[in-house]
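The basis for the numbers below is simple: all heavy atoms, side chains too, and nothing from hydrogens, waters or symmetry mates. What you are looking at is a predicted structure, and each value in this text was computed from that prediction instead of being measured.
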Amino acid sequence: MGKELTTRAEDYSQWYNELVVKGQLADHSAVRGCMVIKPYGYALWENMRDQLDKMFKETGHVNAYFPLFVPKSLFEAEEKNAEGFAKECAIVTHYRLKSDPDNKGKLIVDPDAKLEEELIIRPTSEAIIWNTYKGWIQSYRDLPLLINQWANVVRWEMRTRLFLRTAEFLWQEGHTAHATKEEAVEETLKMLDVYAAFVEEYMAVPVIRGVKTPNERFAGAEDTYCIEALMQDGKALQAGTSHFLGQNFAKAFDVKFSDKNNKLDYVWATSWGVSTRLIGALIMAHSDDQGLVMPPRIAPLQVVIVPIYKGEEGKMLVDNKAIEIMDGLKKLGIRVKYDDNDNARPGWKFAEHELKGVPVRIALGMRDLENNVVELARRDTKEKFTVSLDGIENYIQKLLEDIQQNIYDRALAFRTEHTTEANSWEEFTSILDGKAGFVSAHWDGTAETEEKIKQESKATIRCIPLRNTHEDGKCILTGNPSTQRVLFARAY
RNA sequence: CGGGCGGUAGCGCAGCCCGGUAGCGCACACGUCUGGGGGGCGUGGGGUCGCAAGUUCGAAUCUUGUUCGCCCGACCA
């Protein structure tokens, strides 16, 4: 297999595409815009999913599962939500095929098997879930209802890219119901914090917490909060969203509850989600021209041991020690593989594990055994060093933590370096066309200006940061007064 | 969805313009020498040329349709 990767400088986009495929995370499928997530990529997703799931449960949520199909009449109930997704829905209209009388061995859709009502394949599950919640909620005692679902959804995107935007993707969607507005808002922000903590602490990707402008809001939400990450090409990526839905869905689906004073009111709602898109963020935040760089805490494989030997006896000696090291690491809960595949030679394995981003590599040969040492290589810095076999397990455990911290620090330094204040239109555009990244600038707060800036610069307002300091200034486009800076960037 | 490019062995590609029944490198299998950064030598297996129609004595090659991908645009909670 030719393993030469396109470099980031040559063609960032192609570099990304090659990494996903050559790093064995995912492949294109026979279905337009849909990917096959391969075992290595799925193992990564499982680690992310398990950690998030744990965090959801720690904050009081439980899992449930709702249908893939949404009857059209339910789908259209919340008008704005329906309108927002209408353009990208897959629709089931029939339930049967039959043999084609004109073409032997082929099938056609049976025109007699048309559904009374079309079924929408969920692009998001608010409709089917809120229709269900109606039967679950009568009293304030039924609240809050804190439910999460792990599922696939379908959005018929025009232009797709593996992980970043696929027609079908895996995600989780939390849907909660509350007695008061304050409680729902609090929930929305709490889950935003859970997302930020997960992405920063586990994926080692620093994020900005913020709120979207009305233009960029989720269809049907009162407020959309988000975490925004910066990729190595200076483009932003929305890594997760948490929506305060007000009483919009409660009203659309007639979900009312009696409060302590037996007064009827509509419940308050939130929804929040992250998807396999996070894997795209992970790749573009950390990886380099040699391949993927996996953050140790969620890496499918944290350590790989590569044996180097001559002859059968040599192999036996190395095997014994390697297995001993592997067992020691496993006892510490470290995910480790002994790569004793005899088809591939050491050099080939080194390159392969670098491509797949395994954080730590141990090379073990006769000469190491004699000296009671191993050669360690860390993926993030590509440094190699020799360490004693005594206490190797604890050394590696510490090294994994160092790597996790280092790639986070590196990504944070990059973001800091690529976050720039602009005070004029000329500055604004020259930054975007130059080093790119986040641009912090004044905006007059109108949708018209926001749209015009987007038209002329291709940059969008990523968010109004939550921890924003207020300062008086003038909008970079119109010169109208503004009270705070917002964060612009070109985005995925 | 508009414009451009592409799909030939598991992967990367040549052949197509000028029609005559498919080739190279890597990978794979076996043997052997090897083994500390993508090994050497020898032997061997594998492809109805994305799919479907058409033109032709004959199609990977020409024509039409279709599908999947890549790039640019429009779109994108």
Side-chain angles (χ1 to χ4, degrees), chain A residues 1-6 11-14 16-18 20-22 24 27-35 78 80-89 103 106 122-126 153-162 164-167 169 171 173 212 215-221 223-226 237-243 245 271-275 277 290-291 306-312 314-315 318 340-355 361-371 373-377 382 384 386 454-455 458 460 491-492:
Chain A
M1 257 186 281
K3 291 291 188 192
E4 284 306 309
L5 275 177
T6 300
D11 185 339
Y12 190 84
S13 184
Q14 197 182 336
Y16 174 83
N17 292 333
E18 286 181 11
V20 172
V21 174
K22 291 188 175 175
Q24 294 180 37
D27 260 335
H28 294 286
S29 71
V31 189
R32 176 199 157 81
C34 296
M35 63 179 164
E78 209 293 328
K80 281 185 186 156
N81 185 249
E83 215 183 282
F85 284 102
K87 302 183 298 291
E88 51 188 41
C89 285
N103 207 343
K106 304 288 182 187
R122 61 182 169 212
T124 181
S125 301
E126 273 81 2
V153 288
V154 169
R155 297 180 186 179
W156 216 257
E157 301 287 355
M158 288 294 123
R159 197 170 164 190
T160 59
R161 295 189 70 190
L162 294 176
L164 293 176
R165 182 173 295 111
T166 45
F169 56 92
W171 77 341
E173 44 183 327
K212 290 286 186 189
N215 261 353
E216 302 274 333
R217 232 173 242 158
F218 175 72
D223 264 315
T224 287
Y225 296 86
C226 62
L237 182 80
Q238 178 176 298
T241 47
S242 185
H243 315 291
L245 302 175
S271 72
W272 27 274
V274 295
S275 71
R277 186 182 223 205
Q290 275 68 49
V306 176
I308 298 158
Y309 54 82
K310 295 179 189 172
E312 278 304 307
K315 178 167 168 27
V318 172
D340 64 346
N341 173 10
D342 198 37
N343 292 343
R345 302 155 48 73
W348 194 89
K349 290 176 184 174
F350 293 171
E352 182 66 11
H353 294 125
E354 272 163 20
L355 177 63
R361 180 185 74 229
I362 301 175
L364 182 67
M366 295 303 294
R367 117 188 149 197
D368 302 304
L369 288 181
E370 282 160 23
N371 298 316
V373 296
V374 287
E375 183 195 79
L376 293 186
K382 294 190 275 289
K384 290 196 284 196
T386 302
K454 183 179 170 183
Q455 292 292 325
K458 289 181 184 171
T460 49
Y492 279 96

Checking base pairs now: Watson-Crick or wobble, both atom distances under 3.5 Å. What partners B/U55? none
Do A/K454 and A/N215 have side-chain heavy atoms sitting under 4.5 Å apart? no
Say you pick atom P in B/A60 and the same atom in B/G23; how far apart are they, in whole Å? 14 Å
Within this structure, what is the NZ-to-P distance between A/K22 and B/G12, rounded to whole angstrom? 8 Å
Pairwise C1' distance, B/C57 and B/G19 [rounded to whole Å]: 12 Å
Grab the CH2-P distance between A/W348 and B/A27 for me, whole Å please. 10 Å
Paired with B/G35 by Watson-Crick or G-U wobble geometry, both distances under 3.5 Å: which nucleotide is it? none
If the P atom of B/G35 is compared with that of B/G47, how far apart are they to the nearest Å? 37 Å
Distance only, no hydrogens: is a donor on one side chain within 3.5 Å (strictly under) of an acceptor on the other, for A/E126 and A/S271? yes
Keeping A/Q14 on the side-chain end and A/T6 on the backbone end, is there a donor-acceptor pair under 3.5 Å? no
Pairwise P distance for B/A14 and B/C5, with rounding to whole Å: 16 Å
Any base atoms under 4.0 Å from A/Y16, or only sugar-phosphate, or nothing? Heavy atoms, all strands. nothing
Which value, in whole Å, describes the distance between the P atoms of nucleotides B/C1 and B/G45? 47 Å
A/R345 CZ - B/G40 P separation (whole Å): 9 Å
Contact pattern, 5' to 3', of nucleotides 67-76 of chain B - B, S or - by protein heavy atom under 4.0 Å: -SSSSBBB-B
Is it the case that the base of B/G37 and the side chain of A/K384 share a donor-acceptor contact (distance under 3.5 Å, atom types as modelled)? yes
Atom-to-atom span, CG of A/D368 to C1' of B/G35 - whole angstrom: 14 Å
Round to the nearest Å and state the distance from A/E352 atom CD to B/G37 atom C1'. 13 Å
So how far is it from A/T124 OG1 to A/H243 NE2, rounded to the nearest 0.5 Å? 7.0 Å
Flag for A/T160-A/R32: side-chain donor and acceptor within less than 3.5 Å: no
Figure out the NZ/P separation between A/K310 and B/G39, and round it to whole Å. 16 Å
Can you tell me the base-pairing partner of B/C24? Count Watson-Crick or G-U wobble geometry only, both distances below 3.5 Å, and say none if there is no partner. B/G12
Rounded to whole Å, the CG-C1' distance (A/N341 to B/A27) equals 13 Å
Assign A/N215 to base, sugar-phosphate, or nothing according to its heavy-atom contacts below 4.0 angstrom with the strands shown. nothing
With nearest nucleotides of RNA chain B determined for A/W171 and A/I308 from heavy-atom distances, which residue corresponds to the more 5′ nucleotide? A/I308
Whole-angstrom distance between B/A22 and B/U48, as gauged at atom C1': 12 Å
Roughly how far apart, to the nearest Å, are B/A52 and B/C68 at atom C1'? 15 Å
Considering only heavy atoms from C-beta outward, does the side chain of A/F350 approach that of A/R361 to under 4.5 Å? yes
If only atom types and distance count, is the side chain of A/E78 paired as donor or acceptor with the main-chain N or O of A/K80 below 3.5 Å? yes
Beyond-backbone contact of A/R159 with A/R165, side-chain heavy atoms, under 4.5 angstrom: no
Length of the CG-P vector between A/D342 and B/U32, whole Å: 13 Å
By the 4.0 Å heavy-atom rule, please label A/R367 as base, sugar-phosphate, or nothing. base
What's A/G311 touching, base or sugar-phosphate or nothing? Going by heavy atoms closer than 4.0 Å. base
Looking at every strand, decide which applies to A/G365 at a 4.0 Å heavy-atom threshold: base, sugar-phosphate, or nothing. base
Between B/G25 and B/G38, how many Å separate the two C1' atoms, rounded to a whole number? 15 Å
Go ahead and name the base partner of B/G69; Watson-Crick or wobble counts if both distances stay under 3.5 Å, otherwise write none. B/C5
